[in-house]
Amino acid sequence: MLQIYNTLSKEKQPFTPIVKNKVGLYVCGITVYDLCHMGHARTYLSFDIVLRYLRHLGFEVKYVRNITDVDDKIIQRAQQNNETPGELTQRTITEMHADFAALNLLKPDVEPRVTTHMPEIITVIERLIDKGYAYQSSTGDVLFKVNAYEGYGKLSKQDLSQLVSGIRVQTTSDKHDPLDFILWKGVKEGEISWASPWGEGRPGWHIECSAMNHKHLGEHFDIHGGGSDLIFPHHENEVAQSCCAYDTPYVNTWMHTGMVQINNEKMSKSLDNFFTLRSVLEKHDAETLRFFLMSAHYRSQLSYSQENIDQARASLERFYTSLRDVKANVDVEMSYGGYLAKFEAAMNDDFNMPVAVAVLFDIVKDLNKLDSNSDEAKDTAGALRHLGKILGILENEPEQFLQGDLSQDLTAQIEALIAKRIQARTDKNWASADAIRDELSALGVILEESKTGTTWRKA
RNA sequence: GGCGGAAUGGCAGAAUGGCUAUGCAGCGGAUUGCAAAUCCGUGGAUCUCGGUUCGACUCCGGGUUCCGCCUCCA
């Protein structure tokens with residue numbers, strides 16, 4: 001049985017969907033003012049695996065991942081670029097989709113945007129005002145009255161009095177209470193805005209998610225996820241809004257992913273220590289990055305470094321080397337060899353990807369011992385492909401992965417040298433054979449020679 | 001100051017109150033003309049100090065260090 005760690009209860013809990021066999025999954029997406037970075041990639045890769053595994057278990061999952069396409073930074077960046085916010089976000093959304101596709105992330109079923117959900121957002125705010133949980137300030141903003149909600153702080157385990165004493169943000173005078181947060185922000189000169197009962201303006205950050213997941217998943221849904229940096233205040237505020245606007249339970253399971261670290265520090269835009277996914281994809285193949293991103297448990301921090309990515313590459317080379325000489329029987333039963341049970345045991349334990357991956361290595365070990373022409377080897381390779389697919393890996397052709405993309409010229413050059421070396425070895429001209437191997441090595445080619453023939457991979 | 005998480009072998013990274021994690025790297029052997037790949041074998045760890053226990057890396061308590069959140073953040 002699947003167990004998931006719930007931020008709300010701080011423990012692993014058996015997962016039972018609200019509606020039998022169906023799962024509503026909402027993940028906070030990115031604010032699209034720039035290219036996404038490795039931290040984003042980590043979070044969405046984690047939920048991609050959650051999604052794939054839930055589907056593997058037979059759940060019908062509705063995956064909703066929003067796009068924040070209006071906020072201060074978007075407005076600011078668009079002004080700097082001398083373009084409209086819409087032009088900016090259209091471009092960054094296209095880039096995001098390209099990056100995520102490269103990482104083999106499945107598409108969300110719904111990808112709602114703030115700018116197309118104004119009526120829904122306004123409706124939620126109206127409900128909050130009607131029920132006495134929100135008020136309009138003297139400056140025109142609409143604010144959520146935090147002390148009106150007794151449950152405030154239950155997700156992030158914050159105590160209201162401690163929050164007040166520790167508050168660092170300067171309080172604007174028109175807030176009744178420094179903890180109150182903005183639901184609707186009155187328009188300022190030159191900003192994009194929408195009409196509302198409270199005048200022209202735009203939504204505060206948190207309300208959009210409450211409105212969008214209400215629309216697409218209903219008042220009460222199964223899983224809500226995001227980076228652990230969103231727990232407070234974003235998700236705490238969302239809980240407050242949704243629970244006050246609607247009198248039903250809100251989210252059953254809250255899942256949060258660990259941060260990507262670089263030099264022992266969180267990777268983030270504000271620290272200016274980030275690597276865009278785009279720039280990393282230019283240097284490494286996408287599957288290596290995907291594998292790197294799943295190399296630690298999703299709730300742990302993940303340290304970004306060249307060495308760790310190289311290790312991911314080396315691990316994948318072991319998989320693909322093993323698969324290279326076997327024609328995998330992809331029609332083999334999922335449960336062939338008993339690996340699936342171990343794999344599921346790992347994944348059922350709060351999606352323990354490192355242990356699940358270790359099961360794949362068990363398969364490799366067995367596969368490498370078999371005669372690659374045997375049915376047993378083909379079936380074992382099929383089992384490896386099956387489990388890999390659940391994780392979204394090992395879907396490429398081994399030769400393609402191991403040799404990379406090469407120009408025709410280079411391929412011809414390599415093949416010619418290999419032919420020369422084969423001749424030299426036939427002639428037992430070892431000096432010449434070794435010299436040719438050195439030449440190939442200089443081209444970044446590592447030879448692999450066996451009784452059945454010669455092949456190679458890139459260094 | 002408050003809240004939360006973490007400290008495991010050279011690196012990455014799991015797990016468990018007693019039983020091999022796994023991958024990369026190292027070492028020895030098989031194989032190879034020599035390599036590569038592969039197989040077999042192997043060394044090496046649980047921050048620290050106490051406690052509970054027949055037995056703890058695992059449970060409890062005190063330290064130390066690190067990270068995240070408390071401001072926009074995945």
Side-chain angles (χ1 to χ4, degrees), chain A residues 7 10 27-31 33 36-47 65 68 71-73 153 156-159 161-170 179 205 225-234 236 256-261 264-271 274 291-292 295-297 299-303 305 307-319 321-322 324-325 346 349 352-362 364-365 367-369 372 402 424-425 428-431 433-434 437-438 440-441 445-451 454-457 459:
Chain A
T7 305
K10 286 171 59 185
V27 176
C28 285
I30 68 173
T31 302
Y33 67 98
C36 57
H37 60 68
M38 289 296 288
H40 299 119
R42 206 280 171 103
T43 290
Y44 303 118
L45 180 279
S46 299
F47 285 105
R65 188 185 64 209
T68 298
D71 92 317
D72 291 349
K73 285 177 180 167
S156 57
K157 321 296 176 210
Q158 300 291 331
D159 184 79
S161 59
Q162 289 297 342
L163 277 174
V164 173
S165 68
I167 203 148
R168 277 193 263 155
V169 63
Q170 74 275 39
L179 289 176
W205 177 34
S228 57
D229 54 352
L230 298 185
I231 296 171
F232 190 90
H234 184 55
E236 191 69 61
H256 291 97
T257 57
M259 296 292 102
V260 171
Q261 307 285 118
N264 227 22
E265 221 178 22
K266 175 185 168 185
M267 181 182 288
S268 72
K269 300 237 170 164
S270 47
L271 290 170
F274 63 92
F291 193 79
F292 161 69
S295 63
H297 189 273
R299 280 189 284 119
S300 309
Q301 296 179 340
L302 178 67
S303 184
S305 72
E307 188 186 359
N308 293 348
I309 291 177
D310 289 344
Q311 288 199 8
R313 170 79 197 182
S315 296
L316 281 174
E317 283 180 359
R318 179 165 166 82
F319 284 123
T321 300
S322 180
R324 180 175 50 192
D325 302 322
D349 182 15
N352 194 326
M353 293 176 243
V355 174
V357 168
V359 175
L360 303 212
F361 282 114
D362 289 345
V364 167
K365 196 157 199 115
L367 178 54
N368 283 339
K369 288 180 208 172
S372 48
L402 293 167
R425 293 181 72 214
K428 297 199 188 306
N429 185 348
W430 307 130
D434 288 349
R437 185 169 57 199
D438 289 344
L440 283 161
S441 178
V445 169
I446 296 173
L447 284 174
E448 293 178 7
E449 293 161 337
S450 70
K451 293 182 191 71
T454 296
T455 185
W456 63 275
R457 64 189 165 88

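What you see is a predicted model; the values in this text were computed from it and never measured. In the text below, chain A, chain B and the rest are named by the order of the sequence lines, each starting its count at 1.
- Residue contacts shown for E307(A) are limited to sugar-phosphate atoms, with no base heavy atom under 4.0 Å away.
- Between rU22(B) and rU16(B), the distance separating the two C1' atoms is 15 Å to the nearest Å.
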Nucleotides 64-67 of chain B: which of its N/O atoms have a protein N/O under 3.5 Å away?
{"residue": "rC66(B)", "atom": "O2'", "partner": "N264(A)", "partner atom": "ND2", "Å": "3.3"}
{"residue": "rC67(B)", "atom": "O2'", "partner": "Q301(A)", "partner atom": "OE1", "Å": "3.1"}
{"residue": "rC67(B)", "atom": "O2'", "partner": "Q301(A)", "partner atom": "NE2", "Å": "2.1"}

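- Taking atom NE2 on H234(A) and atom C1' on rG4(B), their separation rounds to 19 Å, with Å as the unit.
- Rounded to the nearest Å, the gap between the P atom of rG61(B) and that of rG4(B) is 14 Å.
- The CZ atom of R437(A) sits 8.5 Å away from atom CZ of R425(A), with the distance rounded to the nearest 0.5 Å.
- If you check every strand for non-hydrogen atoms under 4.0 Å, V359(A) touches nothing.
- R318(A) contributes no side-chain N or O that forms a donor-acceptor pair with the base of rC24(B) under 3.5 Å.
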*Which dot-bracket string describes RNA chain B (Watson-Crick N1-N3 plus N6-O4 or O6-N4, or G-U N1-O2 and O6-N3, all under 3.5 Å; [ ] crossing; | other strand)?*
(((((((..(((.....[...))).(((((.......)))))....(((((..]....))))))))))))....
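- With salt bridges taken as basic N to acidic carboxylate O contacts below 4.0 Å, one links R324(A) and E448(A).
- At the heavy-atom level, I231(A) lies nowhere under 4.0 Å from the strands shown.
- Scanning atom types as modelled, no donor and acceptor separated by under 3.5 angstrom connect the side chain of K369(A) and the base of rC39(B).
- Using a 4.0 Å heavy-atom cutoff across all strands shown, G258(A) reaches at least one base atom of the nucleic acid.
- Backbone-only engagement by N368(A) is indicated by non-hydrogen atom pairs under 4.0 Å involving sugar-phosphate atoms exclusively.
- Between rA56(B) and rC19(B), the distance separating the two P atoms is 11 Å to the nearest Å.
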